[in-house]
Visitor: 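One structure, as structure tokens, below. Some questions next.
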Protein chains: 2
Amino acid sequence: MVTINEVAVEAGVSPSTVSRVFSRPEVVNSVTRQRVTEVADRLGYTPNRIARSLAIGKSGNLGLIVPDIANPFFAHLIKAVQVEARQAGLALFIAETDEHRLDEYPLVKAMAKQVDGLVLASPRMSDSQIRELVEIAPIVLINRKLRGVQSVLIPSADGMRQAVDHLAALGHDGCVYLAGPRNSWTNLQRRSAIRGACRRHAMSYTEMGPFEPRFESGVRAADPLIAAGATAVIAYDDVIALGVISRLSEREVRVGREMSVIGVDDSPLAAIACPPLTTVRVPAAKAGAVAVRLLLDLLAGRDANGGLPTELPTDLIVRSTTAPAPAAR
Amino acid sequence: MVTINEVAVEAGVSPSTVSRVFSRPEVVNSVTRQRVTEVADRLGYTPNRIARSLAIGKSGNLGLIVPDIANPFFAHLIKAVQVEARQAGLALFIAETDEHRLDEYPLVKAMAKQVDGLVLASPRMSDSQIRELVEIAPIVLINRKLRGVQSVLIPSADGMRQAVDHLAALGHDGCVYLAGPRNSWTNLQRRSAIRGACRRHAMSYTEMGPFEPRFESGVRAADPLIAAGATAVIAYDDVIALGVISRLSEREVRVGREMSVIGVDDSPLAAIACPPLTTVRVPAAKAGAVAVRLLLDLLAGRDANGGLPTELPTDLIVRSTTAPAPAAR
DNA sequence: ATGAAAGCGCTAACAT
DNA sequence: ATGTTAGCGCTTTCAT
């Protein structure tokens with residue numbers, strides 16, 4: 001491995017000069033700079049980021065923790081974070097908790113030591129654990145609210161309300177909510193928004209779950225749904241909704257006829273599904289991008305947004321899985 | 001930040017002892033160890049991984065480069081790599097090239113310096129660039145073949161042959177291939193397998209493209225397909241296939257009747273689609289897991305698999321988008 | 001504009 | 001079993 005010193009002797013300058021050429025080129029004489037870069041190229045020298053990190057006390061890395069990489073919502077979130085981080089010249093560490101609440105904390109803690117900042121997407125760990133992490137590295141939360149910690153929130157209350165209004169307008173006199181992970185902030189938000197809207201419309205509210213956000217959860221949920229005589233269901237997310245639809249079709253209940261189904265996320269899946277899924281659009285990519293920008297502000301000492309949570313809006317996208325209630329037809 | 005030295009003085013031992021307690025606990029007297037860990041806890045000390053990396057010359061990190069994080073194929077690949085890396089106690093850097101061939105090399109090179117090994121998934125860069133990277137860090141390639149570089153390959157020839165056989169059995173007298181990215185090894189494999197199989201069946205072979213693996217590419221491809229009077233089409237991947245189906249439905253050509261469509265990947269999308277997509281199953285997760293294991297072997301000096309490429313099999317999954325040729329009915 | 005020297009936090013011979 | 005010492009490769013005062 002070729003170091004700064006070898007370049008220095010070869011170019012007939014001191015190590016400091018070589019260092020400057022790579023960190024603050026403008027302060028070194030252009031002809032010296034020229035010579036140094038030329039030698040560096042010839043020797044194939046490139047700075048050792050780790051040594052650099054140790055010296056300046058910053059890693060140039062960001063960390064991102066998500067529950068499930070393959071879930072389309074998080075996949076798009078990751079993508080946006082990656083793009084934004086790169087734009088800022090930062091590399092991205094990524095880790096998945098796989099919805100395993102227990103491993104989450106040690107995992108994140110280990111990562112926190114080697115990054116300049118951390119984005120936690122829908123973390124399941126306790127408030128106090130998050131507080132401890134904040135001591136180690138600047139943190140931005142996505143879909144989790146905690147006093148004194150910067151966050152970007154997608155409350156989805158608007159979208160859920162729109163969803164229930166939509167159902168009410170179609171004449172449904174009740175709806176069931178297929179709940180997501182028990183401790184998820186997002187789930188709590190959705191649940192209470194739906195419940196509130198149902199009350200306002202004098203619709204009955206039933207809850208099933210909790211379900212992990214997987215396709216299989218949805219297929220598992222479908223039969224109880226039929227048994228309960230439901231006519232309308234809102235799932236925690238698109239993935240679950242799609243599972244429901246799949247099983248419903250197998251059971252020969254026509255979705256968008258006998259049963260109305262609404263998902264959340266508007267992942268690409270939703271538009272492709274059959275029938276196309278009515279869903280609440282959630283700005284995943286936007287959330288990721290905003291989170292990174294907040295983190296960057298934090299790192300730069302700009303006090304981002306006055307420490308207030310940034311809230312992103314949601315909206316109902318009506319497609320073909322919702323229809324008038326059978327009784328109302 | 002509390003360092004090893006502060007712990008040392010507080011515990012009345014030398015820094016080396018503290019260091020040992022954290023790296024090779026078994027070599028230090030259990031009572032000293034006890035005292036040190038206790039002090040460390042009290043002071044909230046945790047080792048600085050960056051300093052450690054510099055000292056031992058290894059980072060404990062793996063890097064993964066993918067063209068598109070949100071593509072389900074890569075999403076599942078990433079997930080498997082992440083799981084496998086974590087199991088080995090390694091953190092994972094991830095970067096996306098977004099199918100931008102130009103940025104790819106510098107990006108990867110920067111990452112190569114701070115990881116112990118690299119997995120390149122479907123890289124688009126040139127052979128010589130890859131060769132240069134191999135000088136910097138151990139590398140395992142996925143779906144790219146290069147003499148002297150370890151790789152895991154999914155040639156998909158079997159699957160494509162099965163796909164064409166299937167079409168032939170349904171009475172189609174030709175098929176069109178919606179090609180993927182021009183320089184992609186995978187695309188070349190698929191193309192030649194399809195072409196070969198068509199020749200064997202005396203079927204006509206037509207190619208359109210290249211297309212980036214996106215839904216929109218597929219919708220764009222559909223009209224020319226109709227115009228060309230095609231009865232059967234094999235898309236580079238599921239995502240494109242789904243786009244085709246979507247546009248075909250809009251144009252009111254019934255998929256699985258007038259037109260047969262086959263995808264590749266068997267992403268979750270395929271089963272959910274409408275109608276369910278006939279597709280060639282590609283073991284994305286398996287590929288990721290195997291790649292990490294090969295990399296680990298490389299790092300350990302075990303010469304993995306004799307340096308031979310590991311090949312993973314593919315198989316046709318027949319669902320509902322393929323049907324007898326209209327003429328043959 | 002450049003150089004000398006100290007140090008970032010940890011590890012690894014080598015001694016004891 | 002533990003301490004001493006000398007780095008790992010880079011940055012950064014402080015001089016010049």
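Residue numbers start from 1 in every chain, and the chains themselves are labelled A, B, ... in the order their sequence lines are given, proteins ahead of strands. Excluded from the calculations below are hydrogen atoms, water molecules and symmetry mates; all remaining heavy atoms, backbone and side chain alike, are included.
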Visitor: Write down the distance between CD1 (I56(B)) and C1' (dC10(C)), rounded to a whole number of angstrom.
Guide: 9 Å
Visitor: Of the nucleotides dT2(D), dG3(D), dC10(C), which has the atom closest to the T32(B) side chain?
Guide: dT2(D)
Visitor: Could you tell me whether the side chain of N187(A) and the main chain of G180(A) form a donor-acceptor pair under 3.5 Å?
Guide: yes
Visitor: Nearest to the side chain of R52(A), which nucleotide is it out of dA4(C), dT11(D), dA1(C)?
Guide: dT11(D)
Visitor: If you check every side-chain atom of S16(A), which of dA12(C), dA13(C), dT12(D) has the closest atom?
Guide: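 For the S16(A) side chain, the nearest candidate turns out to be dT12(D).
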Visitor: Search all heavy atoms of L133(B) against all heavy atoms of A112(B) and return the closest pair with its distance.
Guide: CD2-CB, 4.5 Å
Visitor: Counting side-chain heavy atoms from C-beta on, which of dG3(D), dT11(C), dT11(D) comes nearest to A55(A)?
Guide: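 Ranking dG3(D), dT11(C), dT11(D) by closest atom to the A55(A) side chain puts dT11(D) first.
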Visitor: Where each residue is assigned the nucleotide of DNA chain D containing its nearest heavy atom, which of E26(B) and V2(A) is assigned the position nearer the 5′ end?
Guide: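 Per heavy-atom nearest nucleotide, the more 5' residue is E26(B).
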Visitor: Round to a whole Å and report the spacing from CD1 of I50(B) to C1' of dG7(C).
Guide: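 Distance, rounded to whole Å: 16 Å.
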Visitor: So if I take every side-chain heavy atom of R20(B) and compare against dT11(C), dG3(C), dT2(D), which nucleotide ends up nearest?
Guide: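 Nearest nucleotide to the side chain: dT2(D).
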Visitor: M1(B) has a side chain; which of dC10(D), dG9(C), dT4(D) sits nearest to it?
Guide: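 Shortest atom-to-atom distance from the side chain points to dG9(C).
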Visitor: For N48(A) and dC8(C), what is the distance between atoms CG and C1' respectively, to the nearest whole Å?
Guide: 13 Å
Visitor: So, does S19(A) use its side chain to make a donor-acceptor pair with the main chain of P15(A) at under 3.5 Å?
Guide: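 Here the side-chain-to-backbone pair does not exist.
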Visitor: Within the structure shown, what part of the strands sits under 4.0 Å from P15(B) by heavy-atom distance: base, sugar-phosphate, or nothing?
Guide: nothing
Visitor: Can you tell me how far P of dA12(C) sits from CD1 of I4(B), to the nearest Å?
Guide: 11 Å
Visitor: Would you confirm whether S59(A), through its side chain, and S53(A), through its main-chain N or O, come within 3.5 Å as a donor-acceptor pair?
Guide: no
Visitor: K58(B) has an atom NZ; how far is it from atom P of dG9(C), in whole Å?
Guide: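 Atom NZ in K58(B) sits about 23 Å away from atom P in dG9(C).
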Visitor: Could you work out which one of dT11(C), dC10(C), dG3(C) sits closest to the side chain of S19(B)?
Guide: dT11(C)
Visitor: How many Å lie between CZ on R24(A) and P on dT12(D), as a whole number?
Guide: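 These atoms are roughly 7 Å apart.
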Visitor: Tell me what L54(A) touches on the nucleic acid: a base, only sugar-phosphate, or nothing, going by heavy atoms under 4.0 Å.
Guide: base
Visitor: Is S14(B) close enough to dG3(D) that one of its side-chain N or O atoms is under 4.0 Å from OP1 or OP2 there?
Guide: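 Checking dG3(D) against S14(B), a side-chain N or O does come within under 4.0 Å of OP1 or OP2.
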Visitor: Nearest to the side chain of N29(A), which nucleotide is it out of dT2(D), dG9(C), dA1(C)?
Guide: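 So the nucleotide nearest the side chain must be dA1(C).
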Visitor: Main chain of T3(B), side chain of N48(B): is a donor-acceptor contact present, judged purely on distance under 3.5 Å?
Guide: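 Checking the backbone N and O of T3(B) against the side chain of N48(B), no donor-acceptor pair under 3.5 Å is found.
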Visitor: What's V18(B) touching, base or sugar-phosphate or nothing? Going by heavy atoms closer than 4.0 Å.
Guide: nothing
Visitor: Starting at CZ of F22(B) and ending at C1' of dC10(C), how long is that distance when rounded to a whole Å?
Guide: 12 Å
Visitor: Which part of the nucleic acid, if any, lies within contact of T17(A), taking any heavy atom under 4.0 Å across all strands shown: a base, the sugar-phosphate backbone alone, or nothing?
Guide: sugar-phosphate
Visitor: To the nearest Å, how far apart are Q114(B) CD and dC8(D) C1'?
Guide: 16 Å
Visitor: Examine distances only and state if a side-chain atom of E96(A) and a backbone atom of I69(A) form a donor-acceptor pair shorter than 3.5 Å.
Guide: yes
